[in-house]
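Presented below is the structure to which this report refers.
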Amino acid sequence: MKILIPLVGTFGRSGGFRVLSHLANYWIKQGHEVCFLSYIVAEDPYFPTDAEILYYDNKGDVSSAKNLYQRRPMFGMFTLRFSLRKAMDKVEADIILANHCFSALPVMQSSNNARKFYYVQAYEPEYYYNKTVKDLIYKRISKNSYKLGLETIVNAEMYRNYKEIKTDKVVFPGLDLGVFKPDVEERHFGEKVVLGTIGRVEAYKGTAYIIKAFKQLRAEWGDKIELHVAFGDHALADVEGIKVIYPENDAELAKYYRSITMYICAGTVQLEAIHYPVIESMGCKIPIITTGYYPASDENAWIIPPKDSAAIRNTVVKVLNSEVIAKVKCESAYLNVKEFSWDAVGDKMLNYFRERD
């Protein structure tokens with residue numbers, strides 16, 4: 001099978017791109033051909049892939065080499081979608097896998113005879129929350145993408161019948177348990193408490209509530225407590241007790257998790273979805289405080305209400321006073337993440353590609 005993965009634009013650093021790169025690598029090991037179709041002004045993939053990469057220009061012409069001097073399209077994403085559709089018509093494939101709301105329509109409109117799928121990794125309309133013309137347009141595009149008739153595969157059970165999304169196909173994101181693994185030596189809470197979080201700026205990530213809770217804890221405990229924010233805004237480093245860390249790859253990211261006392265996830269939307277930092281922390285046997293996200297539960301994490309900095313502060317104290325319970329929950333979480341192995345995930349997607357309705 002030849003599988004084509006088209007991108008409106010280029011590779012990014014979000015978890016969704018990690019999923020695509022790892023799936024591609026796994027499928028290649030199973031004897032399939034995989035090709036990414038990226039915009040010609042491109043960086044190398046942040047998450048390494050063994051797949052072939054082809055590049056399309058503003059006219060929709062395809063080449064095997066990127067061109068950093070290509071003039072950016074005048075109408076941005078709208079031009080890229082048109083160019084991508086034309087480029088797909090020139091590439092042979094058995095399967096085309098749309099993977100973002102912006103790529104769904106070009107895939108549907110392409111004259112390529114490949115079987116066309118749409119891998120939905122989040123309900124994207126909720127991410128366009130600003131009252132701007134741009135966000136209103138993007139929200140409409142994303143809602144419409146679920147109604148195009150593509151064979152839809154979602155990455156969490158909650159999306160089977162979620163607003164405009166309707167499907168019976170589910171494939172979880174995978175996790176490399178050889179990288180996201182616990183310390184060899186048994187962990188113990190020490191005098192220094194290091195809280196951890198991924199510091200995305202989007203409001204729905206809930207980082208602001210973690211910062212507020214930390215400031216209160218810092219006022220109470222002084223330099224006995226720190227907050228280490230991975231991928232955070234540089235300005236956060238100006239706050240007393242906060243360190244901003246920029247892991248260069250998954251190995252460094254796993255090392256970051258193993259360096260913290262506990263991980264805090266304060267997201268505010270789609271709380272039954274799968275959130276990479278939660279399962280990554282579980283793989284490293286790090287205690288987790290979170291507002292939700294599969295497979296977090298009272299058996300393997302501390303669940304708090306969203307948008308509640310006081311609950312974050314109080315739960316940090318509770319975790320520190322419950323080291324035995326923390327170890328039990330971490331062991332349970334570690335067993336739960338076994339279902340995210342790349343072998344299981346990659347095979348399940350291939351089975352959908354092969355089956356016929």
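Position 1 is the first residue of the sequence; numbering continues from there. Every heavy atom of this structure was used, including side-chain atoms; hydrogens, water molecules and symmetry mates were not.
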Under 3.5 Å, which donor-acceptor pairs link side chains of residues 63-70 to any protein atom two or more places apart or in another chain?
{"unit_1": "Ser63", "atom_1": "OG", "unit_2": "Ala65", "atom_2": "O", "d": "3.0"}
{"unit_1": "Lys66", "atom_1": "NZ", "unit_2": "Asp44", "atom_2": "OD1", "d": "2.7"}
{"unit_1": "Asn67", "atom_1": "OD1", "unit_2": "Tyr69", "atom_2": "N", "d": "2.9"}

Give the intermediate values and the outcome of salt bridge (charged side-chain N to carboxylate O under 4.0 Å, His left out) for residues Lys205 and Glu202. CA-CA 6 Å; Lys205 295 294 187 181; Glu202 297 89 350; 5.6 Å; no
Whether Tyr138 and Tyr128 hold their rings parallel, tilted or perpendicular, with breakpoints at 30° and 60°: perpendicular
Taking every non-hydrogen atom, the tightest pair across Ala311 and Pro305: CB-CD, 4.0 Å
Note: Glu240-Arg218 ion pair, threshold 4.0 Å (strictly below): yes
Over all heavy atoms of both residues, which pair between Asp308 and Tyr209 is shortest? Give the atoms and the distance, please. N-CD2, 4.1 Å
Using a distance-only test with no angle check, is there a side-chain donor-acceptor pair under 3.5 angstrom linking Ser83 and Asn58? no
In short, side-chain hydrogen bond (donor to acceptor under 3.5 Å, both in side chains) pairs touching residues 98-108 with sequence neighbours left out are His100-Glu124
Is it the case that the ring center of Phe117 lies less than 6.0 angstrom away from the ring center of Phe353? yes
Partner residues of Asp61 under the salt bridge (Lys or Arg N to Asp or Glu O under 4.0 Å) criterion, sequence neighbours left out: Lys90
Whether Glu331 side chain and Lys327 backbone form a donor-acceptor pair below 3.5 Å: no
We want to know whether Tyr123 and Glu164 form a side-chain donor-acceptor pair, criterion being a heavy-atom distance below 3.5 angstrom. yes
Hydrophobic cluster partners of Tyr129 (side-chain heavy atoms under 4.5 Å): Tyr127, Tyr204, Val269
List in chain and number order the residues that pass salt bridge (Lys or Arg N to Asp or Glu O under 4.0 Å) with Glu272, two or more places apart in sequence or in another chain; answer none if no residue qualifies. none
Under 3.5 Å, is there a donor-acceptor pair between the side chain of Glu323 and the main chain of Phe189? yes
Could you see if Ile325 belongs to whatever hydrophobic cluster contains Val316? Use Ile, Leu, Val, Met, Phe, Trp, Tyr and a side-chain cutoff under 4.5 Å. yes
Salt-bridge criterion met for Asp250 and Arg18 (N-O under 4.0 Å): yes
Walk me through whether Trp302 and Thr290 qualify under side-chain contact (heavy atoms from CB on, under 4.5 Å). CA-CA 6 Å; Trp302 280 264; Thr290 180; over 6 Å; no
Check each of Ile153, Val170, Thr167, Val154 against Tyr159 using the side-chain contact (heavy atoms from CB on, under 4.5 Å) test, and report the only one that passes. Val154
If the condition is salt bridge (Lys or Arg N to Asp or Glu O under 4.0 Å), which residues does Glu299 pass it with, not counting sequence neighbours? none
Mind telling me whether Tyr294 and Phe172 have parallel, tilted or perpendicular rings, with 30° and 60° as the class edges? tilted
side-chain contact (heavy atoms from CB on, under 4.5 Å) between Val244 and Asp233, intermediate numbers included: CA-CA 7 Å; Val244 182; Asp233 187 279; over 6 Å; no
Is there a side-chain contact between Glu186 and His188 (heavy atoms, below 4.5 Å)? yes
Is there a donor-acceptor contact under 3.5 Å linking the side chains of Asn336 and Asn300? yes
Applying a strict under-4.5 Å side-chain criterion to I, L, V, M, F, W and Y, I'd like to know whether Val317 and Ile288 cluster together. no
Looking at Tyr334, I'd like to know if the NZ or CZ of Lys285 sits under 6.0 Å from its six-membered ring centre while staying within 45 degrees of the ring's axis. yes
